[in-house]
Amino acid sequence: MTEPSTSHVEQQIQQRIAAAKVRVQAAKERRVSLAEARKAGLAHRHARKLKNLADAERRAAERRQDDDGPEDAA
């Protein structure tokens, strides 16, 4: 006897399952990619915030120094 062949319906189901697996894998890769981009963006924002805070602190110190400048000139 010959081997039973896969029916047309079973072939379609197998194709749909394979396509679903491809979509799931693509979605997983997309999530990983977005997570990496988000992490890099957050790190950049954090570094920028620290730089801005340091700059603001430096400017405040300079203003305090200017305000406390020599008062003998008057």
Side-chain angles (χ1 to χ4, degrees):
M1 284 191 126
T2 62
E3 265 185 51
S5 63
T6 307
S7 74
H8 178 68
V9 173
E10 289 174 351
Q11 289 175 356
Q12 286 183 335
I13 291 171
Q14 289 173 355
Q15 288 174 348
R16 288 180 186 171
I17 290 171
K21 286 180 182 181
V22 168
R23 284 193 307 273
V24 167
Q25 184 61 32
K28 196 177 291 188
E29 291 171 3
R30 192 169 42 252
R31 283 192 302 273
V32 167
S33 175
L34 290 173
E36 289 172 353
R38 179 179 178 273
K39 188 175 181 180
L42 287 174
H44 180 74
R45 282 178 44 202
H46 183 68
R48 173 58 66 181
K49 182 176 181 179
L50 290 177
K51 181 185 179 303
N52 290 343
L53 286 172
D55 289 346
E57 193 64 32
R58 180 185 45 78
R59 286 191 303 270
E62 288 173 356
R63 276 194 300 269
R64 283 193 303 270
Q65 188 177 21
D66 289 344
D67 291 346
D68 294 342
E71 295 180 12
D72 298 343

- Note on the structure: Applying salt bridge (Lys or Arg N to Asp or Glu O under 4.0 Å) to Glu57 and not counting sequence neighbours gives none
Exercise answer: donor-acceptor pairs, residues 24-40 side-chain atoms, under 3.5 Å, sequence neighbours excluded:
{"residue": "Gln25", "atom": "NE2", "partner": "Glu29", "partner atom": "OE2", "Å": "3.2"}

- Item | Residue that, paired with Gln12, satisfies side chain to side chain donor-acceptor pair (under 3.5 Å) out of Gln15, Arg16, His8 | His8
- Taking atom CD of Gln65 and atom CG of Asp67, what is their separation to the nearest 0.5 Å? 10.5 Å
- Message: Return the CD to CD1 distance between Glu10 and Ile17, rounded to the nearest 0.5 Å.
- Response: 10.5 Å
- Which atom of Gln11 lies closest to which atom of Thr6, heavy atoms considered: NE2-O, 3.5 Å
- Query: Can you name the side-chain hydrogen bond (donor to acceptor under 3.5 Å, both in side chains) partners of Asp55, sequence neighbours left out?
  - Reply: Lys51
- Task: Could you grab the distance from atom CG of Leu42 to atom NZ of Lys49, nearest 0.5 Å is fine?
- Result: 11.5 Å
